[in-house]
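Here is the structure we will look at.
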There are 2 protein chains.
Amino acid sequence: MSLPHAILTALLEKPSSGLELTRRFDKSIGYFWSATHQQIYRELGKLEGEGLIRALPSEQPARGQRKSYEVLPAGRAELARWTAVAQDPKPLRDTLLLRLRASAVVGTAGLEADLRRHLELHRRQLAEYQQIERRDFPPERDTPQDRLRHLVLRAGIDLETFWTQWLSHALAEFPEPSDDGRTG
Amino acid sequence: MSLPHAILTALLEKPSSGLELTRRFDKSIGYFWSATHQQIYRELGKLEGEGLIRALPSEQPARGQRKSYEVLPAGRAELARWTAVAQDPKPLRDTLLLRLRASAVVGTAGLEADLRRHLELHRRQLAEYQQIERRDFPPERDTPQDRLRHLVLRAGIDLETFWTQWLSHALAEFPEPSDDGRTG
DNA sequence: CACGTTTATGCAACTAGTTGCACAAGCGGC
DNA sequence: GCCGCTTGTGCAACTAGTTGCATAAACGTG
């Protein structure tokens with residue numbers, strides 16, 4: 001439902017080929033809307049068919065036969081429309097919480113190790129976000145665009161902070177190995 | 001991938017019919033793994049076919065022709081297995097953040113109202129969780145099971161707290177109406 | 001110059017979740 | 001006793017996202 005709009009946003013920021021988009025998704029927009037290259041190519045085809053983007057005619061030859069796309073006015077209009085439409089927040093779906101809940105009835109065996117692993121992953125992600133913040137949002141730059149993008153990054157930072165804290169807390173009060181929380 | 005395990009957990013906590021499960025999903029497990037009644041019925045059929053649950057033979061007659069299910073040993077084993085298996089956290093996917101990012105290029109028109117609406121929704125959800133916490137987790141009850149379930153609820157509470165704070169912050173530094181953050 | 005590797009594009013099939021609808025039985029009232 | 005409402009169960013079709021694979025050009029190296 002949102003992938004086409006994620007792609008439109010990325011292409012407005014900078015016209016790109018499928019592969020460039022894939023790379024930029026891996027390290028920017030993909031932080032809050034991930035996509036594989038297969039999804040991206042498929043969607044680029046659709047968007048072109050709908051007249052929302054077009055292939056840049058200029059640079060054709062180079063290696064492979066890469067095509068770069070740019071957003072057409074209709075595409076920009078569609079993105080603006082979609083941005084303004086009210087949408088309900090989608091309900092939380094988290095397997096780790098589900099597993100914790102399940103462990104209250106079937107025992108916590110094996111779970112603690114994975115909690116530690118998640119904690120480490122979230123710490124890493126947090127560090128990565130903080131590095132991006134230092135690099136891309138120094139105090140002096142402060143256009144409205146910067147402020148909006150910084151807000152998005154702050155959400156990522158604060159979410160990872162939440163997870164690291166919650167996981168630390170969870171591990172701290174985890175049942176002893178001998179007491180696995182099993183009911184029957 | 002996880003719906004069957006959510007159902008197994010719910011059925012272990014208490015054998016139920018499809019409708020009862022649906023209701024309990026709406027106000028408990030569904031907070032972190034939502035499901036519609038259609039999904040639940042379909043999955044109950046599958047689980048029964050796989051021999052992980054069975055219909056309780058006893059109470060057949062009543063209204064409609066409701067069937068209650070209970071978990072078989074194979075089902076409990078499968079849940080325990082799944083709980084212990086390492087799983088990667090699934091990447092964040094959030095349309096609101098995407099829209100905010102898009103608004104940096106196409107303008108923030110219409111977005112602020114929806115941010116306010118989301119703030120209100122998250123405040124409500126937070127209040128609901130806090131009420132559940134007061135009701136279900138008074139200080140004196142403290143079995144390992146309680147502590148695990150309380151941890152899950154705490155995650156919900158802290159997440160909603162994060163969103164209300166972040167949304168408040170976002171609204172506070174939102175561009176003035178005359179300045180909509182548009183680039184070109 | 002042949003052979004494996006990287007770059008780049010893309011199709012097809014599968015899985016999970018959502019939406020829309022169907023149907024049957026009891027319930028409540030006029 | 002019929003009519004509309006609610007309860008309870010369920011199928012079918014659709015949508016979004018994932019996984020696995022196919023293809024082809026250029027590159028680099030022995």
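Small disclaimer: the values here were computed from a predicted structure and weren't measured. Hydrogens, waters and symmetry mates play no part in the numbers below; they use all other heavy atoms, side chains included. Residue numbering restarts at 1 for every chain, and letters A, B, ... go by the order of the sequence lines.
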Write down the distance between [atom1] ([X]) and [atom2] ([N]), rounded to a whole number of angstrom.
X       : N      : atom1 : atom2 : answer
A:Ile7  : D:dG17 : CD1   : C1'   : 13 Å
A:Gln39 : C:dA16 : CD    : C1'   : 14 Å
B:Tyr41 : C:dT19 : OH    : P     : 18 Å
A:Glu20 : C:dT6  : CD    : C1'   : 16 Å

Consider side chain to side chain contact (heavy atoms under 4.5 Å, CB included). Of B:Gln130, B:Glu128, B:Arg123, which one does B:Leu126 pass it with?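 Single side chain to side chain contact (heavy atoms under 4.5 Å, CB included) partner of B:Leu126 among B:Gln130, B:Glu128, B:Arg123: B:Gln130.
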
Which comes earlier along DNA chain D counting from the 5' end, the contact point of A:Ala35 or that of B:Tyr69, where each point is its nearest nucleotide?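 With A:Ala35 and B:Tyr69 compared, the 5'-side residue is B:Tyr69.
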
Using the closest heavy atom to pick a nucleotide of DNA chain D for each, name whichever of B:Arg93 or B:Leu44 lands nearer the 5' end.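 Per heavy-atom nearest nucleotide, the more 5' residue is B:Leu44.
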
Does the base of [N] carry an N or O that pairs as donor and acceptor with the side chain of [X] under 3.5 Å?
X       : N      : answer
B:Gln38 : C:dG17 : no
B:His37 : D:dG8  : no
A:Arg42 : D:dT18 : yes

Evaluate the criterion side-chain hydrogen bond (donor to acceptor under 3.5 Å, both in side chains) for residue pair B:His118 and A:Gln87; output intermediate values, then yes/no. CA-CA 9 Å; B:His118 278 232; A:Gln87 281 180 248; over 6 Å; no

Given A:Glu70, which partner from the list A:Arg54, A:Lys14, A:Arg76 fulfils the salt bridge (Lys or Arg N to Asp or Glu O under 4.0 Å) test?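 For A:Glu70, the salt bridge (Lys or Arg N to Asp or Glu O under 4.0 Å) test succeeds with only one of A:Arg54, A:Lys14, A:Arg76, which is A:Arg54.
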
Checking the side chain of B:Arg99 only, and the main-chain atoms of A:Thr83 only, is there a donor and an acceptor separated by less than 3.5 Å?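 A pair under 3.5 Å: yes.
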
If you check every side-chain atom of B:Arg23, which of C:dT9, D:dG8, D:dT18 has the closest atom?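 Among C:dT9, D:dG8, D:dT18, the one nearest the side chain of B:Arg23 is D:dG8.
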
